[in-house]
Number of protein chains: 2
Amino acid sequence: MATMHDVARLARVSVSTVSYVLTGTRPISQATRDKVLAAMAELDYQPNAMARGLASRRSRILGLLMPMDERGLGATETAFVTGAAAAASAAGYHLVLSPVGGGDLDDLRRLASQRMLDGVVLMEVQLADERVTVLQEAGVPLVLIGRTGDTTALSYVDIDFEQTVREAVAHLVGLGHRSIVYVNHSAATLASGYGPALRTRDAFVSAMAGHGLEPLMIPAEDSAAGGRAALAAAFARAPELTAVLAMNETAIFGILGELTGRGLSVPDDVSVVSMVTSPQVAELATPALTAMTSPGSAMGRIAIEALLRHLDGTGDERHQQLLPCALEIRGSTAVPRRPTTDAPGRPPDDGG
Amino acid sequence: MATMHDVARLARVSVSTVSYVLTGTRPISQATRDKVLAAMAELDYQPNAMARGLASRRSRILGLLMPMDERGLGATETAFVTGAAAAASAAGYHLVLSPVGGGDLDDLRRLASQRMLDGVVLMEVQLADERVTVLQEAGVPLVLIGRTGDTTALSYVDIDFEQTVREAVAHLVGLGHRSIVYVNHSAATLASGYGPALRTRDAFVSAMAGHGLEPLMIPAEDSAAGGRAALAAAFARAPELTAVLAMNETAIFGILGELTGRGLSVPDDVSVVSMVTSPQVAELATPALTAMTSPGSAMGRIAIEALLRHLDGTGDERHQQLLPCALEIRGSTAVPRRPTTDAPGRPPDDGG
DNA sequence: ACGCTTCGTCGAAACGCTTCGACGATCACT
DNA sequence: AGTGATCGTCGAAGCGTTTCGACGAAGCGT
């Protein structure tokens with residue numbers, strides 16, 4: 001393995017000159033540059049990443065931190081990861097995948113102090129997330145996917161849940177639905193302060209209110225069985241319901257199964273919209289799901305790009321961006337068979 | 001940020017002594033060790049990863065190389081990744097995620113020469129994979145998830161497709177099915193030398209032969225539409241078919257939809273077995289799919305552990321391991337409504 | 001022709017650790 | 001008491017870069 005010394009000797013220049021050619025930190029004449037480049041090519045030289053990292057105090061390694069609890073990642077999170085990896089790679093950076101749960105605060109501190117990571121993207125952020133504090137104290141440049149409750153002085157990319165819910169509800173209301181249930185994540189998840197669950201809940205309430213409709217939200221465990229149970233609960237509370245809006249990607253298949261089991265057809269009897277869903281998953285169902293398509297790999301990419309901008313130091317402004325999910329109409333939504341409105345245009349008086 | 005010098009000064013020992021305490025490379029008396037440990041604690045010392053890497057020529061970073069082509073990872077591949085990340089993390093290693101396609105051979109060479117990666121796990125291996133050669137030439141310790149055609153001198157973990165197929169077929173035959181179609185990946189994928197597709201094809205042929213049955217394989221594009229088309233083709237070729245075995249996780253949902261569309265019930269009219277599938281995905285379908293459950297995160301973990309054993313250098317033997325998928329019976333398989341056998345035990349004469 | 005910048009290059013000092021050879025002290029046997 | 005081992009520690013030489021200060025050579029205006 002050739003070193004910079006070898007290159008320098010072959011090109012008959014000093015080591016520092018080779019370094020300047022490589023980094024462009026100082027002007028080098030074309031003639032010298034060519035000599036050096038030729039020597040590098042001949043020796044098949046590749047700079048040693050560790051040495052470079054030590055000397056420059058920049059590892060060119062970024063971290064992607066995710067709690068890797070229970071069942072692996074969903075399709076949406078996976079897209080974040082691949083998007084981030086691709087973006088980092090394209091920028092000449094490496095991306096290390098670190099499973100750091102909320103409990104491993106000490107691990108995290110250690111990781112941050114090792115000076116191996118130039119910066120970090122944090123996934124699956126809670127509304128109150130101590131990991132953010134730890135990282136900030138360690139002075140590690142940080143971008144969130146998701147966001148905490150207080151985002152002052154923080155950079156983040158997150159889904160625009162407010163708008164996503166509003167659009168989904170508008171789509172259903174536009175079709176003529178008046179009784180819409182929102183199937184959220186589990187009660188435990190809500191209680192833990194999981195941002196997406198809380199934000200969509202609030203957005204749903206206000207979106208429904210905007211149409212003069214009564215909001216009904218049911219939490220569901222992250223499983224097919226949870227979806228079934230939720231649907232049963234929904235029908236118990238609102239027998240007239242004609243539309244389901246579901247945040248819970250896992251539960252939604254249970255919902256579909258339960259619907260079929262009750263002899264109800266999708267979309268003729270009940271319309272279903274899946275929130276924050278990848279197209280691949282939406283296509284799995286029969287009929288294919290009308291869904292709010294998550295920005296997927298773009299989120300990961302944008303987070304990395306924001307992080308890199310931080311590192312370049314030029315702007316130390318925060319990057320705060322919300323990405324809406326795009327409504328993609330497939331086969332699971334339609335005009336309800338028997339509209340529940342008494343008269344079109346008139347606000348309904350179903351306020352129990 | 002405290003350095004080793006600071007620790008040494010505070011503990012009134014030499015720098016090398018501190019290093020020995022940290023690495024255990026040489027014996028250190030209990031008294032000295034305690035002093036040093038106390039000093040480290042007081043200064044909140046964390047060794048600098050880059051410096052350590054440079055001096056020891058071991059970065060403690062492992063690479064996970066995957067082509068990140070088209071549509072992100074499936075649930076099975078995602079499980080490999082998370083399993084690998086967890087195992088690396090548990091062993092005190094970092095895992096970098098590198099998207100390196102089959103075309104980026106130069107990128108790969110560069111990556112390998114940077115001396116940043118102590119070793120590498122290569123995913124999505126083709127039967128003839130140049131990346132393996134590049135890595136071997138660069139002298140990077142290597143473990144495959146999947147395997148090439150010639151595995152001499154290579155370490156790998158792979159799924160035992162032979163046995164998985166045999167078990168799946170045995171399950172169906174045991175239920176009384178005689179006409180079974182195997183829905184594989186696309187013709188293009190087969191032509192590209194994708195190991196799993198080829199190996200399951202051969203295994204299917206021989207498993208069916210073992211039962212005296214005629215094998216029928218249909219390739220399918222990786223999409224719901226591809227699954228539908230494949231099922232249509234299957235019925236055209238074998239109208240009497242009562243069971244589908246599917247390798248193609250994406251196509252299988254199309255198959256189910258098409259079955260329902262034709263007024264056929266699963267499992268009463270047609271049984272369906274999904275190969276190399278994660279439980280989460282199997283649960284998504286209605287009815288939940290009987291499936292050969294992929295070893296998931298275990299594969300990633302085993303690959304990393306084998307790689308680490310290589311690095312420890314003790315045994316430079318290859319690690320070659322095949323993991324079978326476990327048959328998990330759910331709701332998509334049953335005794336066929338009308339068995340296609342003319343007489344039990346007698347080999348059928350359906351060889352057209 | 002004079003000083004003054006700017007350009008292009010060099011040598012040497014970090015960066016923070018590991019590791020090697022050396023060396024006194026201790027210990028177990030003769 | 002003498003002789004090797006073994007143990008515990010130290011100092012110094014790297015590891016392969018980056019980066020800083022210095023310095024001769026040009027180029028400029030006057």
Side-chain angles (χ1 to χ4, degrees), chain A residues 1-37 39-40 43-61 92 94 110 112-118 311 313, chain B residues 1-37 39-40 43-61 92 94 110 112-118 311 313:
Chain A
M1 204 97 307
T3 78
M4 229 167 181
H5 271 93
D6 304 328
V7 175
R9 192 171 338 119
L10 182 58
R12 306 188 164 289
V13 297
S14 78
V15 196
S16 46
T17 300
V18 177
S19 175
Y20 292 134
V21 167
L22 226 40
T23 62
T25 333
R26 282 196 188 179
I28 292 289
S29 73
Q30 192 57 46
T32 311
R33 182 192 313 282
D34 289 346
K35 271 194 306 186
V36 171
L37 257 18
M40 297 205 300
L43 294 175
D44 205 12
Y45 168 75
Q46 282 301 119
N48 178 305
M50 292 290 127
R52 190 196 276 254
L54 176 59
S56 66
R57 276 164 292 283
R58 302 277 247 86
S59 63
R60 304 202 132 247
I61 304 180
H94 299 270
R110 210 162 303 133
S113 316
Q114 278 187 138
R115 306 275 110 200
M116 162 164 283
L117 269 24
D118 283 350
L311 298 185
Chain B
M1 202 97 307
T3 77
M4 225 166 185
H5 271 93
D6 303 327
V7 175
R9 191 170 339 120
L10 182 59
R12 305 187 165 288
V13 297
S14 76
V15 195
S16 45
T17 301
V18 178
S19 175
Y20 293 134
V21 167
L22 226 41
T23 62
T25 336
R26 282 195 187 180
I28 293 288
S29 74
Q30 193 58 47
T32 311
R33 181 191 314 279
D34 289 346
K35 270 195 307 188
V36 171
L37 257 18
M40 297 205 299
L43 294 175
D44 203 14
Y45 169 76
Q46 281 300 119
N48 178 305
M50 291 290 128
R52 191 196 273 254
L54 177 59
S56 65
R57 277 165 289 287
R58 303 278 246 89
S59 64
R60 303 203 134 246
I61 303 179
H94 299 270
R110 210 164 302 134
S113 315
Q114 277 187 141
R115 304 275 115 203
M116 162 163 283
L117 269 23
D118 283 352
L311 298 185

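Throughout, a chain's letter reflects where its sequence line sits, starting with A, and its residues are numbered from 1. This is a predicted model, so every value here is computed, not measured.
Residue A:Ala39 comes nearest to A:Ala11 through the heavy atom pair CB-CB, 3.9 Å, listed as atom of the first residue, atom of the second, then distance. Minimum heavy-atom separation, A:Leu311 to A:Asp118: CD2-O, 3.3 Å.
The side-chain hydrogen bond (donor to acceptor under 3.5 Å, both in side chains) test with A:Gln114 is passed by exactly one of B:Arg52, B:Gln46, B:His94: B:His94.
C:dC7 atom P lies 16 Å from atom CD of A:Gln30, rounded to whole Å. To the nearest angstrom, P of C:dC7 lies 13 Å from CD1 of A:Ile28. When rounded to the nearest whole Å, the span between CZ of A:Arg26 and P of C:dT6 equals 14 Å.
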Taking Watson-Crick (N1-N3 plus N6-O4 or O6-N4) and G-U wobble (N1-O2, O6-N3), each under 3.5 Å, can you produce the dot-bracket string of DNA chain D? Use [ ] for crossing pairs and | for inter-strand ones.
||||||||||||||||||||||||||||||
Hey, mind stepping through A:Ile28 and A:Val36 against side-chain contact (heavy atoms from CB on, under 4.5 Å) and telling me if it holds?
CA-CA 10 Å; A:Ile28 292 289; A:Val36 171; over 6 Å; no
B:Val18 and B:Val13: side-chain contact (heavy atoms from CB on, under 4.5 Å), yes or no, with the steps?
CA-CA 7 Å; B:Val18 178; B:Val13 297; 3.8 Å; yes
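Atom CG in B:Leu37 sits 8.5 Å away from atom CD in B:Gln30 (nearest 0.5 Å). Between A:Leu10 atom CG and A:Tyr45 atom OH the span is 13.0 Å, to the nearest 0.5 Å.
Proximity of B:Met50 to A:Ile61: side-chain heavy atoms (C-beta onward) are separated by under 4.5 Å at one or more points.
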What N/O pairs connect the protein and nucleotides 14-18 of chain C at under 3.5 Å? Give each pair on its own line.
residue, atom, partner, partner atom, Å
C:dC17, OP1, B:Tyr45, OH, 2.5
C:dC17, OP1, B:Asn48, N, 3.1
C:dC17, OP2, B:Met4, N, 2.4
C:dT18, OP2, B:Ser19, OG, 2.7

